[in-house]
Amino acid sequence: MATPTAEASKRLHRRVLLGVSGGIAAYKSATLVRELVKAGCEVQVVMTPAAHDFVTPLTLATLSKRPVLTDLFVRDGSGRWNDHVHLARWADVLVIAPATANTLAHMAQGLCDNLLMACILSATCPVLVAPAMDLEMWKQPANTRNLDLLKERGVHTVGPSSGELASGLVGEGRMSEPAEIVSALHDLLMGASRLNGRRILISAGPTQEAIDPVRYITNRSTGKMGFALAEEAALRGAVVELVAGPVSLQVDRPGITRTDVVSAAEMASACKTLAPDQDIVIMTAAVADHRPRHAAPEKIKKGQGLPQLELEPTEDILATLSTTRPAGQMVVGFALESEKALEHGRAKLERKKLDLLVLNSIADEGAGFGHDTNKVTFLRPDKDPEELPLMSKAAVARAILDRIEELL
Ligand code: CTP
């Protein structure tokens with residue numbers, strides 16, 4: 001299996017709310033926005049009013065491709081306001097860079113006199129600050145105390161570094177370089193995920209096999225499990241190709257490219273095109289096993305009598321992908337059984353030559369189609385089955401990716 005490249009290994013795929021406060025280091029914020037965008041993040045910049053004196057909102061808006069926000073209230077007579085609670089909930093992480101002595105003091109006191117402070121007070125996600133100030137300010141006991149207080153409350157810090165300062169003094173107080181901030185963010189969010197930078201193909205949802213222009217054969221599936229896996233894989237830094245059958249789910253996480261398909265043949269074609277470039281393939285889709293040999297070109301009318309449907313098998317996409325896989329690629333399948341689950345699951349694992357089979361039994365309460373929970377058993381070659389309790393689909397997704405990481 002290919003090792004992630006240095007570029008790919010910095011994939012972050014997070015929604016970053018970047019707070020820029022008013023210090024000379026704000027000129028580096030432009031580069032920071034670029035680095036974050038390059039790492040696959042969506043960046044929403046919130047500036048304090050003082051930051052406008054150091055860097056223009058236009059620069060940061062252009063680089064982040066989003067309007068920069070500063071005010072709690074939009075003073076155009078419209079009565080609109082920037083919803084700090086929504087912004088804070090949108091963000092996966094808050095980064096304050098530069099964090100001036102004034103901003104750190106505000107944070108330590110829980111003051112809330114501008115939009116950035118309101119966002120910080122509303123945030124439940126991790127917060128990373130990159131302090132930047134002159135040497136004497138940095139050494140001030142008041143500043144040291146503020147920072148200690150913030151660290152005690154779980155705020156993460158990066159820098160400052162030592163060097164020449166804007167005042168001409170030499171010492172500690174320089175904001176960390178943008179690449180160092182991205183690296184610190186990476187360590188904070190990713191830990192040591194082995195999926196970081198890996199390419200993963202995930203199929204999800206059902207397929208529809210046309211009988212006529214209005215009717216089709218399908219399987220019961222909402223796609224929730226596949227979408228939860230895609231989301232979690234992207235959060236771990238994977239570059240995800242999501243091939244989705246007809247589902248009503250949305251995905252807006254950076255790092256996921258979605259291809260929508262309808263039939264098993266379309267799903268097979270999309271998966272076969274994408275699979276050769278992947279490190280891991282996970283087939284969660286409930287692909288229809290049979291399709292009408294001939295779809296009627298016009299709607300079949302009741303008056304035409306009872307239609308006779310001649311069916312033909314669809315391609316077993318998982319089996320094809322598994323047997324034609326490039327060296328080192330991991331292939332994971334799902335199985336839904338209604339009886340003799342372990343026996344049938346084990347047979348599928350061997351027949352399709354899988355590295356991991358995730359077995360669902362529809363006999364289990366709260367598991368299977370439509371539910372937000374699932375109860376699965378992992379089957380691996382030469383290993384005893386591992387039965388998991390009933391969990392949310394997000395937790396099952398984490399458990400599956402944990403196993404995949406172990407196997408990498
Ligand atoms: N699958 C596939 N292509 C198909 C049918 C299934 O890729 N035409 C994949 C599913 O995405 C899943 C796995 O195969 O990962 C198991 O699907 P399942 O329907 O449980 O098994 P089948 O191989 O169809 O076997 P059976 O009908 O005997 O249960």
Side-chain angles (χ1 to χ4, degrees), residues 200-210 216-230 233 240-247 249 259-276 278 280-293 311-325 329-364 367-369 374-381 385 393 396-397 400-401 403-404 407:
I200 306 189
L201 169 63
I202 299 173
S203 71
T207 64
Q208 292 176 355
E209 312 305 321
Y216 51 79
I217 297 174
T218 192
N219 280 327
R220 285 181 205 268
S221 167
T222 55
K224 283 181 182 171
M225 194 61 244
F227 276 61
L229 269 169
V240 181
E241 291 286 353
L242 176 63
V243 176
V247 292
L249 301 173
T259 306
D260 286 310
V261 296
V262 176
S263 64
E266 284 172 22
M267 185 170 277
S269 161
C271 289
K272 285 193 281 188
T273 304
L274 293 163
Q278 309 298 319
I280 300 157
V281 170
I282 310 177
M283 282 291 298
T284 78
V287 186
D289 284 329
H290 303 99
R291 67 171 161 239
R293 190 177 290 278
L311 300 180
E312 64 180 7
T314 57
E315 179 175 358
D316 188 325
I317 308 168
L318 180 61
T320 304
L321 297 182
S322 176
T323 47
T324 57
R325 68 173 101 174
Q329 185 183 75
M330 186 186 297
V331 178
V332 178
F334 271 63
L336 183 68
E337 304 292 345
S338 60
E339 46 137 19
K340 296 188 191 155
L342 275 181
E343 192 185 314
H344 288 156
R346 178 66 65 192
K348 246 173 232 182
L349 178 80
E350 282 163 20
R351 191 173 71 245
K352 301 197 187 188
K353 298 190 171 42
L354 306 176
D355 298 292
L356 173 66
L357 184 103
V358 181
L359 181 63
N360 303 264
S361 163
I362 44 174
D364 288 318
F369 339 107
N374 207 358
K375 187 170 183 306
V376 301
T377 302
F378 294 146
L379 299 183
R380 278 170 285 176
K393 286 191 172 164
V396 174
I400 293 169
L401 294 176
R403 289 306 163 280
I404 290 175
L407 293 171

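In each ligand, atom 1 is the first atom listed, and ligand 1 is the first ligand listed. What you are looking at is a predicted structure, and each value in this text was computed from that prediction instead of being measured.
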Check G223 against A204 and note the closest heavy-atom contact, atom names and distance. O-CB, 4.2 Å

For atom 27 (O) of ligand 1, find the nearest protein heavy atom and state the residue, atom name and distance (0.1 Å precision). D289 OD2, 3.3 Å

May I ask you to check if ligand 1 and S203 share an N or O to N or O distance below 3.5 Å? no

Under 4.0 Å, heavy-atom basis, I'd like to know which part of L336 is in contact with ligand 1: side chain, backbone, both or neither. backbone

For the backbone of V287 and the side chain of T207, can you confirm whether one donor and one acceptor N or O come within less than 3.5 Å of each other? no

Where is the nearest protein heavy atom to atom 3 (N) of ligand 1: which residue, which atom, and how far? I317 N, 3.0 Å

Main chain of S322, side chain of R325: is a donor-acceptor contact present, judged purely on distance under 3.5 Å? yes

I need the atoms of ligand 1 closer than 4.0 Å to a non-hydrogen atom of E315, numbered in the order shown. 3 (N), 4 (C), 8 (N)

Holding to salt bridge (charged side-chain N to carboxylate O under 4.0 Å, His left out), I want the full list of residues that pass it with E350, two or more places apart in sequence or in another chain. none

Would you kindly specify which portion of T314 sits under 4.0 Å from ligand 1, judged on non-hydrogen atoms: side chain, backbone, both or neither? side chain

Ignoring hydrogens and angles, tell me if any N or O in the side chain of T377 forms a donor-acceptor pair with the backbone of P385 under 3.5 Å. no

Whether R351 lies under 4.0 Å from ligand 1, heavy atom: yes

Under a 4.0 angstrom heavy-atom cut-off, which atoms of ligand 1 come close to G333? 15 (O)

Nearest protein heavy atom with distance in Å, relative to atom 13 (C) of ligand 1: F334 O, 2.9 Å

Would you please determine whether A335 falls within less than 4.0 Å of ligand 1 on a heavy-atom basis? yes

Nearest heavy-atom contact between A335 and L357 is CB-CD2, 3.9 Å

Could you tell me whether H290 approaches ligand 1 through its side chain, its backbone, both or neither, with non-hydrogen atoms closer than 4.0 Å? neither

Taking only non-hydrogen atoms of M283 and a 4.0 Å limit, the atoms of ligand 1 in range are 7 (O), 11 (O), 12 (C), 15 (O)

Which protein heavy atom lies closest to atom 7 (O) of ligand 1, and at what distance to 0.1 Å? L318 N, 2.7 Å

Taking D355 for the side chain and V332 for the main chain, is one N or O donor matched with an acceptor at less than 3.5 Å? no

Under 3.5 Å: N/O of V287 near N/O of ligand 1: no

Within the 4.0 Å heavy-atom cut-off, what K352 brings close to ligand 1 is side chain

Residue set satisfying side-chain contact (heavy atoms from CB on, under 4.5 Å) with E312, at least two apart, ordered chain then number -> R291, R293

Has ligand 1 got any nitrogen or oxygen that is less than 3.5 angstrom from a nitrogen or oxygen of T284? no

Can you pull out the closest protein heavy atom to atom 26 (P) of ligand 1? Residue, atom name and distance to 0.1 Å, please. K348 NZ, 3.8 Å

Pairing donors with acceptors under 3.5 angstrom, does anything connect the side chains of E315 and T320? yes

For A285, atoms of ligand 1 separated by under 4.0 Å from a heavy atom: 10 (C), 11 (O)

Keeping Q329 on the side-chain end and Q278 on the backbone end, is there a donor-acceptor pair under 3.5 Å? yes

Once you round to the nearest 0.5 Å, how far does CD1 of I282 lie from CG of L242? 10.5 Å

